[in-house]
Peer 1: 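Sharing a structure, written as C-alpha cells. Questions coming.
Naming convention: chains lettered A, B, ... in sequence-line order (proteins, then strands); numbering from 1 in each chain. Reckoned from all heavy atoms, side chains included, excluding hydrogens, waters and symmetry mates.
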Protein chains: 2
Amino acid sequence: MLHKVDDILSKHALRRTAFRQELLKIFIESGSRALSHTDIEEALGDHDRITLYRTLKSFQDKGLIHEAVDGGKDTKYALCQNQCDVHHHIDHHPHFLCESCGVTYCMDEIKIPDFDLPRNYTLKGMHLALSGTCASCSKV
Amino acid sequence: MLHKVDDILSKHALRRTAFRQELLKIFIESGSRALSHTDIEEALGDHDRITLYRTLKSFQDKGLIHEAVDGGKDTKYALCQNQCDVHHHIDHHPHFLCESCGVTYCMDEIKIPDFDLPRNYTLKGMHLALSGTCASCSKV
DNA sequence: TATCTTTATGAAACAATGTTGCATAAAGTA
DNA sequence: TACTTTATGCAACATTGTTTCATAAAGATA
Ligand SMILES: [Mn+2]
Ligand SMILES: [Mn+2]
Ligand SMILES: [Zn+2]
Ligand SMILES: [Zn+2]
C-alpha cells in the first residue's frame, strides 16, 4: 500500500512527505466516495488544518484528486480514476449526494449525456450533481 | 414594477418590506443572470449583511429564488421562472458559468437529458453545472 | 384610526471557514 | 555530507455565515 502511495506521489511530481502519504492513503481507502474537509480531518489523527488546505490544493493541481460538485454546501474531494495530471483533469462523471447518509459517490460508470447549447456558447467544463437516496440507504 | 414586486411577495406569503422589495427588484432586473452575495451587496445601496442572508433564505424557502449550482466557489441565486412555491422547487435547468466574465446564466430553455442510474438509487434532485465562454464574451 | 399580534430588521457577538507570512524542518540532489 | 528547494506548523488575519435579542414595522382586528 505504501508502495502504491509513493508511486502515485512521484508519478505526479510530489515529494513523499508523511502528511501526503497519510492523506493519499485516506483517499485510496475511501474508493469512489468523496470526502469533505471534516471527513478528512476525522480520518487524519493529529493534523494541521492549514497544511491540509494546502495539500488538497497540491493534490488537485497535480491531478490526484478532483472536486466533487454535488450541490451540497460542503466541498468534497475524491480520487481521480483516470489519467489526470498537472495539465488537465478529465473527471466527467456525475456525483451523487445521498440525502439520507450524506455520502457523495463518484459515478464513474455513468456518462453525462449530450445536449445542445445555445449559439455562441463554448462548453469547457461540466458537472452533473445528483441527489436522492443511495443504494445502501435504499435497502434499509 | 413595484406593483409586480408586491404581487410576487404577497403571492408567496411574504410581508412587503422595503428591503424585500428592493431585493426582489434586483433579481427581476437581473433576468436570467444568477447573483452572488457580493453582486447583491453591490446592487443594494446601504444594507445589512445579516438581513440579506435571512431574506435570501426566506425567498428561497418560499420559492421566489433558487440556488444556481454552477461549480464555482460563490453561491449564486436567481429568480425562479416557474411556479415554485413553499412546497417545492422545480428548477431543473442547467446553469452556465462564463469563465471569462464570471456571470452565471440560467438556461431555462435547455432540458437536462435523461440517463440511467445504478440499481437501488433513487433520484430526487439534479443540477447540471456548465462552464466555458458565454455568448457575449465569444463575440469579442 | 387606534390597538394588538406577529414577523422582520439591525446591531453585536460569535462561530466556522479559508488565506497569508514567516521561521523551521524535511525532501530531493549532487 | 553539504546544498538547494519545497513542505510544514504556527500565528495572525480575512472572509463568510449564524445566533441572540431589543426594537421597528407589517398585517390583522376592531
Ligand atoms: Mn468524482
Ligand atoms: Mn437557474
Ligand atoms: Zn446513503
Ligand atoms: Zn461571459
Peer 1: Could you list the cluster mates of A:Val69? Members are the ILVMFWY residues connected by side-chain heavy atoms closer than 4.5 Å, either directly or through other members.
Peer 2: B:Val69
Peer 1: Got a sec, which residues hit salt bridge (charged side-chain N to carboxylate O under 4.0 Å, His left out) with B:Asp61, two or more places apart in sequence or on another chain?
Peer 2: B:Lys57
Peer 1: Enter the distance from B:Arg54:CZ to B:Arg49:CZ here, rounded to the nearest 0.5 Å.
Peer 2: 11.0 Å
Peer 1: What ring pair (Phe, Tyr, Trp, His ring centres under 6.0 Å) pairs are there with at least one residue in residues 62-81 of chain A, not counting sequence neighbours?
Peer 2: A:His66-A:His93, A:His66-A:His95
Peer 1: Quick one: on DNA chain D, does B:His37 or B:Arg15 contact a more 5' nucleotide (nearest heavy atom)?
Peer 2: B:His37
Peer 1: Output yes when at least one side-chain N/O atom of A:Thr17 is less than 4.0 Å from OP1 or OP2 of D:dT8, else no.
Peer 2: yes
Peer 1: Provide a list of protein-nucleic acid N or O atom pairs under 3.5 angstrom, restricted to nucleotides 14-16 of chain D.
Peer 2:
none

Peer 1: For DNA chain C, note the earliest and the latest nucleotide, 5' to 3', having some atom under 4.0 Å of a heavy atom belonging to chain B.
Peer 2: C:dT6 to C:dA12
Peer 1: Output a table of nitrogen or oxygen pairs between the protein and nucleotides 20-23 of chain D separated by less than 3.5 Å.
Peer 2:
from   : atom 1 : to      : atom 2 : distance (Å)
D:dT20 : O4     : B:Arg54 : NH1    : 3.2

Peer 1: Please list every donor-acceptor pair under 3.5 Å in which a side-chain atom of residues 124-136 of chain A meets a protein atom from a residue at least two apart or in another chain.
Peer 2:
from     : atom 1 : to       : atom 2 : distance (Å)
A:Lys124 : NZ     : B:Thr133 : OG1    : 3.2
A:Ser131 : OG     : A:Glu99  : OE2    : 3.4
A:Ser131 : OG     : B:Gly125 : N      : 3.4
A:Thr133 : OG1    : B:Lys124 : NZ     : 3.2

Peer 1: Using the side chain to side chain donor-acceptor pair (under 3.5 Å) criterion, which residues pair with A:Thr51? Sequence neighbours excluded.
Peer 2: A:Asp48
Peer 1: Please list, chain by chain and in numerical order, all residues satisfying ring-ring contact (aromatic ring centres under 6.0 Å, His included) with A:Phe96, sequence neighbours excluded.
Peer 2: B:Tyr121
Peer 1: Examine D:dA7: is either OP1 or OP2 under 4.0 Å from a nitrogen or oxygen in the side chain of A:Thr55? Give yes or no.
Peer 2: no
Peer 1: Going by the side chain to side chain donor-acceptor pair (under 3.5 Å) test, which pairs reach into residues 36-46 of chain A, not counting sequence neighbours?
Peer 2: A:Ser36-A:Asp39, A:His37-A:Glu41, A:Glu41-A:His47
Peer 1: Which residues pass the side chain to side chain contact (heavy atoms under 4.5 Å, CB included) test with A:Ile90, not counting sequence neighbours?
Peer 2: A:Asn82, A:Gln83, A:Cys84, A:His88
Peer 1: For B:Tyr105, check ring-ring contact (aromatic ring centres under 6.0 Å, His included) against everything at least two apart and list the hits.
Peer 2: none
